Every structure is written in structure tokens, then in C-alpha cells.
Amino acid sequence: GEQIHIAIYGASNMEGCDVSGFYNREPYCPTIENLIKNYLKSNNIPAKISNIAVGGWNVAQGVNSLKGKTSFVLNGANKTIDATKARKHNQVATSGDIDLFICAYYAGNSIGSGINATQYKAYLKEAIDYVIEKNPNCEILFISGSINQNITVAQAKLFADKVKELQQEY
């Protein structure tokens, strides 16, 4: 059959961090990328997986990198993005052949950068709109972030509610 293209976009959880298999430790749970690859392979579904997730990044870094930008302003401060990553992310985002775009940004990275829940939603929307513009037949899968010691349950719920609002829009 025809090869499908899945793009994985987000922070450390999508990159594979905090998964035992990423660190070659028991119980060797595979990353989400490898879970998807293994499933597709076992079902003889040809696929290209583009993992453009970067651990520690917030949504502002993510959307600007998708657009190929190497600098941007966040809360009045100039920020930079590695040019190699920006080029790669932009190549994936503008490929025109993405069938599924998995979007999952950990809220804690954004909170730590001074991004509130409303801004978080706006940045995610900007990223999704950009990807859909370049890949009109693309489906979107939103994954809401997890809770850890860096954010409260209330913060996680607030950010997750913004993701749910976006789900309703697409």
C-alpha cells in the first residue's frame, strides 16, 4: 500500500524522554515513536515517521521552529532556535505529505517560560494552522500533557482544557 507519513511534534515526552526504553533500562518500554513504528510494521503498513519533538522546548519555540524561524520574541525577550533544527522542522512541516500530525507539548515547559494557558492554546493553534495549510489532508491528534513536580493539578487541568477547546475547533 501507499506509505503514510506521521509527524510527531512536542517536547520531551514525544521525543522519548522518561521512557525506560529511551535510556535502555527495564522494563524497556518503547518510545511513542517506536510504539507506532512497531504497530504499523506488525500490520504491514508502510510508514514514514518524522519525530521533530525536542525535550525542554515550549510551544513558542515549537511553532517558530516549524516555520523555519531561528529567532523570535517571547514576553519581550529575544530568543533563538538552533538553525539545523528549525530547517529540519520546517522541511517536515512543509512537506505536503503529512497524513497524521501528533501534537503534544508539556505545559510545564511553557509555564516555566511565562506562557499562560491562553497563549499556549494560541501557539498550538498557530502551529496546527501552519501544518494544515502546508498539508491540507492532514489529520491532527492532540495529546494533553502530564503532571509532574513542576506543575500543579490545577495548572495541568487548565492547560488540558485549552487543548480540549482546540480539539473542538478541528
Side-chain angles (χ1 to χ4, degrees), residues 4-19 22 31-33 36 48-148 150-151 155-170:
I4 61 170
H5 184 184
I6 299 171
I8 300 170
Y9 169 75
S12 58
N13 57 341
M14 294 292 100
E15 184 181 22
C17 298
D18 294 334
V19 176
F22 186 80
T31 62
I32 191 162
E33 177 181 356
I36 293 167
K48 173 184 173 183
I49 311 274
S50 299
N51 191 337
I52 55 173
V54 180
W57 273 22
N58 62 54
V59 293
Q61 289 167 296
V63 70
N64 282 287
S65 185
L66 277 180
K67 292 182 171 186
K69 296 180 181 179
T70 56
S71 63
F72 65 102
V73 176
L74 177 61
N75 298 326
N78 293 322
K79 303 289 182 180
T80 60
I81 296 171
D82 176 87
T84 302
K85 286 182 179 155
R87 231 182 348 270
K88 177 186 175 189
H89 295 178
N90 184 254
Q91 286 171 347
V92 170
T94 61
S95 66
D97 68 349
I98 298 173
D99 297 294
L100 176 62
F101 190 75
I102 301 173
C103 179
Y105 261 96
Y106 170 59
N109 295 347
S110 295
I111 292 168
S113 299
I115 296 170
N116 66 37
T118 301
Q119 292 168 313
Y120 177 82
K121 177 185 174 185
Y123 281 122
L124 286 178
K125 181 172 176 33
E126 184 179 349
I128 297 303
D129 287 346
Y130 185 74
V131 169
I132 289 173
E133 174 190 332
K134 306 297 182 183
N135 303 270
N137 297 317
C138 179
E139 297 289 331
I140 307 298
L141 172 63
F142 290 101
I143 300 176
S144 187
S146 57
I147 300 171
N148 70 15
N150 297 325
I151 65 173
Q155 287 173 314
K157 182 176 178 347
L158 182 62
F159 279 70
D161 286 346
K162 294 298 181 184
V163 172
K164 288 178 188 174
E165 289 173 15
L166 274 177
Q167 288 172 324
Q168 298 303 314
E169 294 177 29
Y170 292 96

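Bear in mind the structure is a predicted one, so any value in this text is a computation, not a measurement.
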Solution key, residues 48-65 side-chain donor-acceptor pairs under 3.5 Å, sequence neighbours excluded:
unit_1, atom_1, unit_2, atom_2, d
Ser50, OG, His5, NE2, 2.7
Asn51, OD1, Ala53, N, 3.0
Asn51, ND2, Met14, O, 3.1
Asn51, ND2, Glu33, OE1, 3.0
Asn58, OD1, Ala60, N, 2.9
Asn58, OD1, Gln61, N, 2.9
Asn58, ND2, Gln61, OE1, 3.3
Asn58, ND2, Ser113, OG, 2.8
Gln61, OE1, Asn58, N, 2.8
Asn64, ND2, Ala60, O, 2.8
Ser65, OG, His89, ND1, 2.6

Query raised in the report: About how many Å separate CD1 of Ile115 and CG of Leu74, when rounded to the nearest 0.5 Å?
Result: 5.0 Å
Report task. Grab the two heavy atoms, one from Ile81 and one from Ala86, that are nearest each other, plus how far apart they are. Result -> CG2-CB, 4.1 Å
Query raised in the report: Can you list the steps and then say if Asn109 with Tyr120 is a side chain to side chain donor-acceptor pair (under 3.5 Å)?
Result: CA-CA 10 Å; Asn109 295 347; Tyr120 177 82; over 6 Å; no
Query raised in the report: Roughly how far, to the nearest 0.5 Å, is CG of Leu141 from CD1 of Ile102?
Result: 5.5 Å
Query raised in the report: What distance separates Tyr105 OH from Phe142 CZ, expressed to the nearest 0.5 Å?
Result: 13.5 Å
Query raised in the report: Atom CG of Asn90 and atom OG1 of Thr70: how far apart are they, to the nearest 0.5 Å?
Result: 11.0 Å
**Report entry** Partner residues of Glu165 under the side chain to side chain contact (heavy atoms under 4.5 Å, CB included) criterion, sequence neighbours left out
**Finding:** Lys121, Lys162
Report task. Give the minimum heavy-atom separation between Ala93 and Asn135, together with the two atoms involved. Result -> O-ND2, 2.7 Å
Query raised in the report: Looking only at heavy atoms, which two atoms of Asn116 and Phe159 are closest? And how far apart?
Result: C-CZ, 3.7 Å
Query raised in the report: So how far is it from Asn13 CG to Ile143 CD1, rounded to the nearest 0.5 Å?
Result: 7.5 Å
Query - Heavy-atom neighbours of Glu139 CD exceed 12 at 6.0 Å - result: no
Query raised in the report: Of the non-hydrogen atoms in Gln119 and Asn75, which two are nearest, and what is the gap between them?
Result: NE2-OD1, 3.9 Å
Requested in this report: Please report the closest heavy-atom contact between Tyr130 and Leu66, naming both atoms and the distance.
Outcome: CE2-O, 3.4 Å
Query raised in the report: For the atom pair CD1 (Ile140) and CD1 (Ile132), what is the distance rounded to the nearest 0.5 Å?
Result: 4.0 Å
